[in-house]
Amino acid sequence: MFENLVNQDAQKYLVSDIKNNVFPRAVLFSGNDATGKLTAALEVARVLSCVNAEKKGDWNCTCSSCLRHKALTCTNMLLMGPRDCALEIAAAKETFLKAYKENAKYIVATRYLFLRSVRKLTLRFSSILWKGESSINKVGEVIEEINENLQQLDFPADLPSYEETEKLCQKINDLTLKLEGNYLYNTIPVNQIRNMEAWAYIKSQEGKKTIIIENADRMQNSVRNAILKILEEPPADCVFILLTSRKNAVLPTILSRVRNYSFNDRLPEHQLEVINRVFHNESFKDSLTEYLLNYLPVPVYKIREIALKDYYENILTGNIPVASEIVKSANNFEPKIELKLFLTAIAQNQKTLLKTPQGCEAASQLVKALQNCWDNVTTLNQSTGAALEVLTREISKINATNSRILSKSL
């Protein structure tokens with residue numbers, strides 16, 4: 001039980017509460033990114049649904065429920081909320097293909113790794129959640145194409161040739177980029193909460209139902225109010241697991257209705273163990289976050305260069321950049337984490353301005369403009385090019401009244 005949750009103190013508390021039958025119906029897993037919160041949540045869902053009376057929750061359990069949960073195809077679990085899935089999918093793809101090419105002894109594990117990495121994204125587009133959404137038909141077409149390709153790599157069928165497997169993996173990777181980039185909300189729509197609530201009250205035919213909500217701190221007021229109602233009195237056979245990397249941003253009224261399990265930052269040596277154990281890479285010697293960033297289509301240093309030299313510096317010197325060219329040079333900012341890195345690079349470059357009141361005010365205005373750009377893309381679904389055009393105008397206005405100050409940030 002929880003054998004795949006590496007070096008995390010929360011493991012022993014989860015095991016104890018489940019074994020003693022005192023695990024609550026509403027919990028919060030809080031901790032920074034890359035601490036294993038989603039891994040733990042998916043494992044809780046599997047253990048609670050296990051139908052093996054003798055060895056309930058054993059990792060090697062072969063009951064029908066556990067097998068479906070391991071493959072992330074179980075119908076009594078919903079996974080909701082925004083998440084950057086693209087880098088994990090890309091890393092899992094490379095790990096799987098390398099194991100296949102080398103006929104490694106751990107190929108079955110890497111095959112599961114890739115299948116699960118893709119389904120961690122596609123599960124968020126369940127027809128249960130998306131009922132009534134205007135884009136459901138377009139989303140359904142992409143999901144169907146992903147599943148058709150994924151089926152050829154799934155158990156128990158034999159894998160196609162390496163060359164065909166490589167093509168299938170790349171096609172799946174491209175489709176998931178499209179799915180995440182075009183359709184995944186940055187916040188949960190209230191309609192999905194209502195759809196989830198209706199599903200939660202339908203009695204489960206096998207084991208407990210589990211509803212996992214990632215980035216619970218990003219909920220808008222209407223969503224928070226809707227989720228509060230069901231957390232006050234969850235259905236008897238349903239467990240809610242909320243995940244957050246910003247516990248302080250979660251409403252106190254929600255915190256009062258859940259039991260918190262804290263996930264600590266892993267030590268550097270423990271992060272290396274995760275990279276070795278999950279991705280079978282023994283040569284990489286940095287953090288798990290940095291490992292995944294290696295799978296960006298555009299390297300981090302290049303994104304920073306585009307942000308500061310090609311974009312920001314040109315605005316301040318009066319050479320207004322063409323937004324479409326910036327977008328193209330950054331691979332259309334797909335996945336969206338590239339846009340986050342782009343905007344963060346500009347924001348972090350303002351630290352030198354914080355020494356004076358005037359500098360603080362200019363930096364504050366700029367950070368607000370950067371946040372607006374992110375919200376325009378992720379919440380209002382504005383195209384990245386259009387959002388950058390707006391950002392360019394806002395930075396130009398700030399620069400017009402603070403040119404001497406902003407120039408100090410170059």
Side-chain angles (χ1 to χ4, degrees), residues 2 5 8-14 17-18 22-45 48 77-85 120-121 123-124 126 129 184-197 199-200 208-235 238-266 288-289 336-337 340 344 347 367-368 371-372 374-375 378-380:
F2 294 96
L5 185 59
Q8 190 51 257
D9 291 340
Q11 176 189 26
K12 59 185 178 183
Y13 301 112
L14 291 169
D17 287 350
I18 291 173
V22 292
F23 189 79
R25 285 186 283 166
V27 300
L28 177 73
F29 290 177
S30 61
N32 289 331
D33 293 338
T35 52
K37 300 187 297 296
L38 180 57
T39 297
L42 293 172
E43 181 68 346
V44 168
L48 293 180
M77 180 186 74
L78 287 182
L79 177 58
M80 312 171 63
R83 178 184 176 87
D84 296 321
C85 299
K120 285 178 187 177
L121 173 63
L123 279 171
R124 297 165 206 273
S126 164
L129 298 173
L184 187 61
Y185 294 112
N186 193 49
T187 59
I188 301 173
V190 68
N191 185 56
Q192 291 194 5
I193 294 295
R194 293 181 180 130
N195 290 339
M196 172 272 288
E197 184 175 5
W199 176 84
K208 285 187 178 292
K209 286 184 171 181
T210 307
I211 296 167
I212 301 170
I213 304 177
E214 277 204 278
N215 290 297
D217 51 276
R218 297 190 198 173
M219 293 179 186
Q220 296 178 342
N221 287 336
S222 59
V223 175
R224 289 169 176 169
N225 293 334
I227 197 74
L228 270 174
K229 293 178 182 178
I230 195 168
L231 289 181
E232 286 177 358
E233 193 174 346
C238 193
V239 170
F240 288 82
I241 306 177
L242 279 60
L243 313 182
T244 182
S245 57
R246 301 189 305 155
K247 182 184 174 184
N248 292 338
V250 178
L251 278 182
T253 47
I254 291 180
L255 292 177
S256 67
R257 289 164 172 77
V258 298
R259 179 185 296 174
N260 181 59
Y261 293 84
S262 296
F263 285 69
N264 303 319
D265 289 343
R266 291 186 173 111
L288 179 56
T289 298
K336 279 197 179 79
I337 190 174
K340 185 186 295 184
T344 300
V367 169
K368 184 178 180 180
Q371 182 63 54
N372 287 340
W374 176 252
D375 291 341
T378 58
T379 303
L380 302 180

Fill in: Listed once per pair and sorted, the salt bridge (Lys or Arg N to Asp or Glu O under 4.0 Å) pairs that draw on residues 211-220, sequence neighbours left out
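Pairs touching residues 211-220 that pass the test: Arg83-Glu214, Arg124-Glu214, Asp217-Arg246.
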
Fill in: Pairs touching residues 29-41 that satisfy salt bridge (Lys or Arg N to Asp or Glu O under 4.0 Å), sequence neighbours left out
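As it turns out, there is no salt bridge (Lys or Arg N to Asp or Glu O under 4.0 Å) pair with a partner in residues 29-41 once direct neighbours are skipped.
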
With rounding to the nearest 0.5 angstrom, report the [atom1] to [atom2] distance, [X] to [Y].
X: Leu129; Y: Asn195; atom1: CG; atom2: CG; answer: 7.0 Å
X: Leu243; Y: Leu28; atom1: CG; atom2: CG; answer: 7.5 Å
X: Asn215; Y: Thr244; atom1: CG; atom2: OG1; answer: 6.5 Å
X: Ile227; Y: Ile213; atom1: CD1; atom2: CD1; answer: 3.5 Å

Run the salt bridge (Lys or Arg N to Asp or Glu O under 4.0 Å) test against [X] and tell me which residues pass, sequence neighbours left out.
X: Asp84; answer: Lys340
X: Lys208; answer: none
X: Asp17; answer: Arg259

Discussion item. Parallel, tilted or perpendicular, judged at 30° and 60°: which one describes the rings of Phe29 and Tyr261?
Written reply: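 Aromatic pair Phe29/Tyr261 classed perpendicular.
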
Fill in: Donor-acceptor contact present, side-chain Gln220 to main-chain Pro189, <3.5 Å
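Pair absent, no side-chain N/O of Gln220 close to backbone of Pro189.
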
Under 3.5 Å donor-acceptor pairs involving side-chain atoms of residues 250-258, not counting sequence neighbours:
residue, atom, partner, partner atom, Å
Ser256, OG, Thr253, O, 2.8
Arg257, NH1, Thr253, O, 2.6
Arg257, NH2, Glu232, OE2, 3.1

